[in-house]
Amino acid sequence: MPLTFKNLPFSKQHSLLVICVAFLAIVAFLFNDALSNLLVYQHKLISQGELWRTFTGHFLHTNGIHLLLNLAALILLWALHGHFYSLKNYSMLFISSALICSAGLYFFSPDIGQYVGLSGVLHGIFIFGAIMDIRDKDKTGYLLFVGVWLKIAHEQFYGASEEVSALIDASVAIDAHLWGAVGGLFFSCCYLLVIKNH
C-alpha cells in the first residue's frame with residue numbers, strides 16, 4: 001500500500017510514544033544549558049555511578065540541525081513502520097536500544113568520552129521495522145534490513161560523512177549506530193519469540 005497522509009498510523013497506540021520522544025528531545029534542547037551537565041552520556045561519570053546517563057543522554061543534541069535530523073528520522077520511521085508500534089513494544093524497543101547502545105559504547109568504545117543524540121536508538125528502531133516488514137511478508141523489509149547493515153559496515157570501515165559531522169558540529173558516533181542496531185536486533189528477536197508463543 002502506498003504511503004499517503006490518510007493511511008499514516010495516527011492512533012494513540014501507534015503514535016503517542018513517538019510524540020513523547022520528540023517532545024522530550026525538544027525540551028532537552030530548549031533547556032540544554034541547564035540539563036546537559038546532569039544528563040549527557042559521559043563515560044567517566046557513568047563509571048562513577050551516574051547510570052541514568054546511559055538513558056538520558058540520547059535525548060540531548062549538539063545543535064538544532066542535529067535535533068532536526070533526528071526528529072525527521074524519528075517521524076519517517078513512524079510513517080513507515082508505526083502500524084507495528086504499540087505502547088508496550090515501542091517503549092521496550094526504545095529502552096532496549098538506548099541501554100544496549102550505551103552499554104556497547106561504555107564497554108567497547110571507551111574512547112568515546114561523551115555522546116548525545118537519538119541516532120543510535122533510531123538504528124534500533126529501524127531494525128525492528130525492517131524485521132516486522134519481513135515477518136509481514138513485505139519484501140522491502142529485506143532491502144531495509146540488509147541496507148542498514150551495509151550502511152553500518154561502511155561507517156565502521158570508512159568512517160562517517162564529513163558533511164554530517166560539520167552539520168551537527170560534532171564527530172558522528174558511528175559505534176552508537178552499530179550498538180543501537182544490535183539493541184534493536186536483540187529486542188526484535190525476543191519480541192518475535194514472545195508473540196510466537198502467545
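Any value given below was found using the heavy atoms of this structure, including those in side chains, with hydrogens, waters and symmetry copies removed.
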Do Phe10 and Trp78 have ring centroids that are under 6.0 Å from one another?
-> yes

Inter-residue atom distance Ile125.CD1 - Leu74.CG, 0.5 Å rounding | 6.0 Å

How many angstroms lie between atom CG of Leu17 and atom CG of Asn89, to the nearest 0.5 angstrom?
-> 9.0 Å

Over 12 non-hydrogen atoms of neighbours within 6.0 angstrom of CD in Gln48 = yes

Are the aromatic rings of Tyr115 and His58 close, with centres under 6.0 Å apart?
-> yes

Measuring from Leu45:CG to Thr54:OG1, what's the distance to the nearest 0.5 Å?
-> 12.5 Å

Donor-acceptor pair between His177 and Ser119 side chains, under 3.5 angstrom = yes

Say you draw a straight line from CD1 of Ile65 to CG of Asn70; how long is it, rounded to the nearest 0.5 Å?
-> 11.5 Å

In Å, rounded to the nearest 0.5 Å, how long is the span from CG of Asn32 to NE2 of His61?
-> 10.5 Å

Sequence neighbours excluded, which residues qualify as side-chain contact (heavy atoms from CB on, under 4.5 Å) partners of Tyr142?
-> Ile134

Tell me, please, which residues at least two apart from Leu39 pass side-chain contact (heavy atoms from CB on, under 4.5 Å).
-> Leu35, Trp52, Thr56, Leu60

In Leu185, Val182, Val148, Leu178, the residue satisfying side chain to side chain contact (heavy atoms under 4.5 Å, CB included) with His123 is Val148

Taking atom CG of Asn37 as the centre, report whether more than 12 heavy atoms of other residues, nucleotides or ligands fall under 6.0 Å from it.
-> no

Output, in order, the C-alpha distance, side-chain angles, deciding distance and verdict of side chain to side chain contact (heavy atoms under 4.5 Å, CB included) for Leu150 and Val146.
-> CA-CA 6 Å; Leu150 287 175; Val146 171; 3.8 Å; yes

Using side-chain contact (heavy atoms from CB on, under 4.5 Å) as the criterion, list what pairs up with Phe108, not counting sequence neighbours.
-> Trp179

Contacts of type salt bridge (Lys or Arg N to Asp or Glu O under 4.0 Å), residue Lys151, not counting sequence neighbours | Glu155

Within residues 18-48 or reaching into it, pairs that qualify as ring pair (Phe, Tyr, Trp, His ring centres under 6.0 Å) - sequence neighbours excluded = His43-Tyr106

Starting from the C-alpha separation in whole Å, work towards a yes-or-no answer on side chain to side chain contact (heavy atoms under 4.5 Å, CB included) for Val27 and Phe59.
-> CA-CA 9 Å; Val27 169; Phe59 292 96; over 6 Å; no

CA sep, side-chain torsions, deciding dist, call: Cys189, Leu192, side chain to side chain contact (heavy atoms under 4.5 Å, CB included) | CA-CA 5 Å; Cys189 292; Leu192 290 178; 6.0 Å; no

When rounded to the nearest 0.5 angstrom, what is the spacing between OG1 in Thr62 and CG in Leu67?
-> 9.5 Å

Could you verify whether a donor N or O on one side chain and an acceptor N or O on the other, from Gln13 and Ser11, lie under 3.5 Å apart?
-> no

Heavy-atom neighbours of Phe186 CZ exceed 12 at 6.0 Å = no

Does Phe128 have any ring-ring contact (aromatic ring centres under 6.0 Å, His included) partners at least two apart in sequence or in another chain, and if so, which?
-> Phe187, Tyr191

Just by distance, do the side chain of Ser161 and the backbone of Glu163 share a donor-acceptor pair under 3.5 Å?
-> yes

May I ask you to decide if Pro9's main-chain N or O and His83's side chain share a donor-acceptor pair within less than 3.5 Å?
-> no

Mind telling me whether Phe94 and Tyr90 have parallel, tilted or perpendicular rings, with 30° and 60° as the class edges?
-> tilted

